[in-house]
Amino acid sequence: MSKVTVVGSGFVGATVAQYVAEKDLADVVLIDILEGIPQGKALDLLEAAPVNMHGRSIVGTNSYADTKGSDIVVITAGIARKPGMSRDDLLKTNAGIVQSVAKETFKHSPDAIFIVVTNPLDVMAYLTWQTTKLPTNRVIGMAGVLDSARFAAFIGMELNVSVEDIRAMVLGGHGDLMVPLPRFSTVNGIPITELMSKERVEALCQRTRDGGAEIVGLLKSGSAYYAPGASVAQMVESILRNKNRLLPCAVQADGKYGIKDIYIGLPTVLGRQGVERVIELKLNSDEEAALKKSADAIKDHINLMNQLLVAV
Ligand code: APR
């Protein structure tokens with residue numbers, strides 16, 4: 001029986017728990033610092049099990065002892081930026097939370113694969129890797145699957161074709177500088193550049209870059225959780241079922257694409273070892289320049305985080 005621990009029982013964490021249990025992927029432990037929230041959400045999900053017909057155990061807790069022996073740890077714990085709070089304050093607070101969560105969960109599940117969801121994503125994935133000192137294949141950031149899913153959804157709406165036939169690829173950091181790749185985004189193998197004008201392709205790329213903000217703008221308080229939750233579940237499935245799916249994930253670049261020492265979204269093959277391999281695509285000069293710009297921004301952000309953590 002596989003076991004997945006989800007740290008942070010907020011909107012994203014609870015949605016991850018729901019999809020993981022309902023897709024019958026693993027037993028789930030939901031943990032949070034708030035008392036009652038993980039217990040309440042776990043019980044509610046368990047009460048949905050007879051309707052959705054799965055026999056998965058879902059436990060809500062405030063004790064890390066219950067997370068012992070997890071195959072996968074998903075980190076969604078953190079706070080959202082509040083009015084009047086600077087980006088640096090958010091970075092510092094979430095870095096402190098992710099660092100303590102990574103330490104605690106690693107203590108109880110030293111063999112786990114870590115999937116990081118807390119924002120700023122690429123920086124938090126890097127921090128989890130640094131904190132746990134795990135091999136790079138076992139610390140992975142979730143962003144590329146989500147950004148690519150958004151891109152695919154917009155392509156489907158634009159062309160009025162089934163999303164079943166759409167494959168989209170978005171690389172780079174999870175932010176304004178992400179790199180949607182129209183040449184590698186297809187409708188049943190046909191690049192979208194063959195199916196719509198350059199202007200429409202660029203409009204869909206821009207909507208993808210703004211995808212998170214578009215949801216925040218509509219929700220007013222809080223950010224997206226259905227598509228992020230589904231994206232994590234797809235990664236969990238590929239790992240636990242050793243499916244070797246090719247999915248864009250935030251990984252330690254390790255010199256690939258000329259990028260070193262940071263976490264950034266690249267095409268990866270996900271299997272039972274976590275990142276089985278990173279695929280190196282031959283990018284054109286524009287794509288390469290966009291990826292480099294994105295990598296430089298992440299590097300700056302990591303440096304800033306290191307300064308803020310030293311200052312604590
Ligand atoms: N340990 C455990 N849980 C914590 C900790 C901690 N140290 N600190 C905060 N949490 C919990 C909060 O109590 C809250 O229940 O993390 C949860 C975060 O949930 P939400 O505020 O609902 O945020 P959510 O929408 O789920 O987003 C979580 O994912 O997509 C990213 O940007 C998003 O960084 C954010 C994260």
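First listed ligand is number 1; within each ligand, the first listed atom is number 1. Note that this is a predicted model, so its numbers are computed, not measured.
From the protein, the heavy atom lying nearest to atom 20 (P) of ligand 1 is G10 CA, 3.9 Å. Closest to atom 23 (O) of ligand 1 among all protein heavy atoms lies F11 N, 4.6 Å. In terms of protein heavy atoms, atom 21 (O) of ligand 1 is closest to G78 O, 4.4 Å. The nearest protein atom to atom 35 (C) of ligand 1, hydrogens excluded, is given as N119 N, 4.2 Å; this is a heavy-atom distance. Among all protein heavy atoms, the one lying closest to atom 31 (C) of ligand 1 is V117 O, 3.5 Å.
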(message) What verdict does the side chain to side chain contact (heavy atoms under 4.5 Å, CB included) test give for Y126 and L121, after you've listed the backbone C-alpha separation in whole Å, the side-chain angles of each residue and the deciding distance to 0.1 Å?
(response) CA-CA 9 Å; Y126 174 88; L121 189 274; over 6 Å; no
(request) List the steps and the verdict of salt bridge (charged side-chain N to carboxylate O under 4.0 Å, His left out) for D88 and K92. (result) CA-CA 6 Å; D88 287 7; K92 198 156 124 185; over 6 Å; no
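Under 4.0 Å from ligand 1, heavy atoms of T118 appear from its side chain as well as its backbone. When non-hydrogen atoms are compared, ligand 1 lies under 4.0 Å from the side chain of I97 (C-beta onward) but not from its backbone.
Within the set V6, I79, I33, the minimum heavy-atom distance to atom 1 (N) of ligand 1 is found for I33. Considering I31, V12, L30, I37 only, the shortest heavy-atom separation from atom 24 (P) of ligand 1 involves V12.
Applying the salt bridge (charged side-chain N to carboxylate O under 4.0 Å, His left out) test to pairs two or more places apart or on separate chains, those with a residue in residues 172-198 are R183-E287.
For the pair P38/I31, no side-chain contact is recorded, criterion being any heavy-atom separation below 4.5 Å from C-beta on. V139 is listed as a side-chain neighbour of T132, based on a closest heavy-atom distance under 4.5 Å.
Within 6.0 Å of the CD atom in Q206, the count of heavy atoms belonging to other residues, nucleotides or ligands exceeds 12. Residue-environment remark: CD (E164) stays at or below the threshold of 12 foreign heavy atoms within 6.0 Å.
Polar contact check, A224 against ligand 1: no nitrogen or oxygen pair lies under 3.5 Å apart. Some N or O of D32 is nearer than 3.5 Å to an N or O of ligand 1, by distance alone.
A cation-pi contact, defined as under 6.0 Å to the ring centre and within 45° of the axis, links K41 to F11.
Residue T76 approaches ligand 1 through these ligand atoms, each under 4.0 Å from one of its heavy atoms: 28 (C), 36 (C). Near L34, meaning under 4.0 Å from one of its heavy atoms, ligand 1 places the atoms 13 (O).
Scanning for salt bridge (charged side-chain N to carboxylate O under 4.0 Å, His left out) contacts around D24 gives R56, with sequence neighbours left out.
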